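Just the heavy atoms: all of them, side chains too, but no hydrogens, waters or symmetry mates, feed the values below. We count ligands from 1, going down the list as the structure has it; atoms in each ligand are counted the same way. Computed from a prediction, not measured in an experiment: that's the story for all the values here.
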Amino acid sequence: MNKKIYLDYNASGPVLPEAVDAMLPYLTEDYGNPSSIHSMGEVAKVAVENAREKVSTLIGATPDEVIFTSGGSESDNFAIKGFIQSYNEKRIHVITSTVEHSAVLETANFLEASGVEVTFLKVDRYGQIDIDSLEKSIDENTKLITLMYANNETGTIFDIKSIGKLARDRGIAFHTDAVQAVGKIPIDVNRDNIDMLSMSGHKMGAPKGVGALYIKGGLNPKPTPQIYGGHHEFDMRAGTINVPSVVALGKAASIAKDKLIEKGERVRRLRDRLEAGIKERVDHIQINGDIKNRLPNTLNVSFGYVEGESLMVDLDLAGIFVSSGSACASEDISLSHVLEAMDVDPIIGQGALRFSLGDSNTEDDIDYVIETIPQIVKRLRKLSPLYKKQ
Ligand SMILES: *Cc1c(COP(=O)(O)O)cnc(C)c1O
């Protein structure tokens with residue numbers, strides 16, 4: 001079987017062909033160091049500054065507010081750790097949520113272990129936080145609120161505008177991990193009162209290992225640099241930047257700017273077709289996430305009485321690549337931290353799959369998936385003692 005139906009775009013995706021074309025010359029011919037004074041350095045520098053302009057335009061920022069990094073994880077670490085390190089106060093309080101990506105959660109855990117007070121906001125069964133609870137958790141030591149724009153597992157989109165307004169009104173800095181949102185839905189850092197925003201190349205059609213952090217001009221204090229060395233990136237992040245990948249990121253950003261709505265509608269139609277097809281043909285399922293506020297490309301479904309891992313492996317054999325919502329920790333299967341935070345029933349939650357769509361997917365692909373899943377689920381359920389009992 002040579003089928004290859006990739007439905008795991010939230011994990012990573014191909015580099016857009018236009019982005020590959022744009023970056024290639026900087027690997028082979030225009031390989032100067034952007035810090036060099038000679039004209040080959042200048043060529044690289046111009047390319048980087050062009051990319052900075054394009055990335056900033058996509059999120060409604062200005063070029064001097066964008067710092068290139070090695071990806072989403074570095075941007076999250078830089079924003080959160082760096083910002084808190086800029087304070088000397090004895091008591092510092094940070095607010096985040098239980099459903100963040102590990103790049104934020106583990107950073108928050110690290111800060112907590114070093115004496116910072118951290119509130120991990122709970123979510124409801126749709127994966128949403130409650131703005132009133134957020135407001136109530138603020139105290140006089142709260143310096144930073146860090147909440148993701150859109151969840152990588154369920155696609156649930158937080159009410160970033162309300163969070164941003166609340167943070168701004170209370171004089172608290174607001175960082176958002178927007179890795180899954182940038183390039184998928186329109187973002188405007190000024191409309192949403194965002195002070196810092198993380199993004200990643202490989203989640204939006206650029207290569208792995210490149211990303212950016214937006215830092216609002218005038219944000220005070222600024223995050224403390226995490227990498228010291230030369231005077232790169234406005235003295236905020238040392239190291240010769242990955243020019244080819246940054247050029248590709250710029251290209252991907254300008255394509256997103258032009259095509260985001262159109263591409264979003266296309267994948268939304270496919271995603272809805274998949275969702276409807278699964279609902280029609282498989283019983284004992286549950287859609288996880290906030291279907292009213294959800295990324296257009298993401299579908300998280302629990303299949304009762306089967307294990308997500310087994311489903312995923314069987315789909316893999318059929319040439320369909322998805323992500324399972326459960327993490328197989330040795331013997332016992334545990335729910336993903338996101339589904340657990342949403343209080344999803346483990347019997348149902350263990351069979352969770354994430355489908356995340358992108359440019360390469362077609363209607364035929366989706367129809368093949370809709371045909372294949374019921375057969376696999378049926379076979380797996382035959383083996384389930386719990387299914388027989390119900
Ligand atoms: C992928 C992802 C990250 C990490 O980005 P990398 O570039 O892979 O380090 C952070 N946050 C979210 C929400 C993600 O989906």
Less than 4.0 Å from some atom of ligand 1, heavy atoms are found in residues G71, G72, S73, D76, H101, M148, N152, D177, V179, Q180, S200, H202, K203
Note to self: Can you tell me if F120 has over 12 outside heavy atoms packed within less than 6.0 Å of its CZ?
What the structure shows: yes
Q. Are H284 and Y305 close enough that their ring centres sit under 6.0 Å apart?
A. yes
* Charged N to carboxylate O below 4.0 Å: is that the case for R266 and D359? -> no
From the list D177, T146, D76, side-chain hydrogen bond (donor to acceptor under 3.5 Å, both in side chains) with S198 holds only for D76
Joining Ile, Leu, Val, Met, Phe, Trp and Tyr whenever any side-chain heavy atoms lie under 4.5 Å apart, the cluster holding V179 also takes in none
Between R170 and E140 (salt bridge meaning N to carboxylate O under 4.0 Å), is one present in this structure?
no
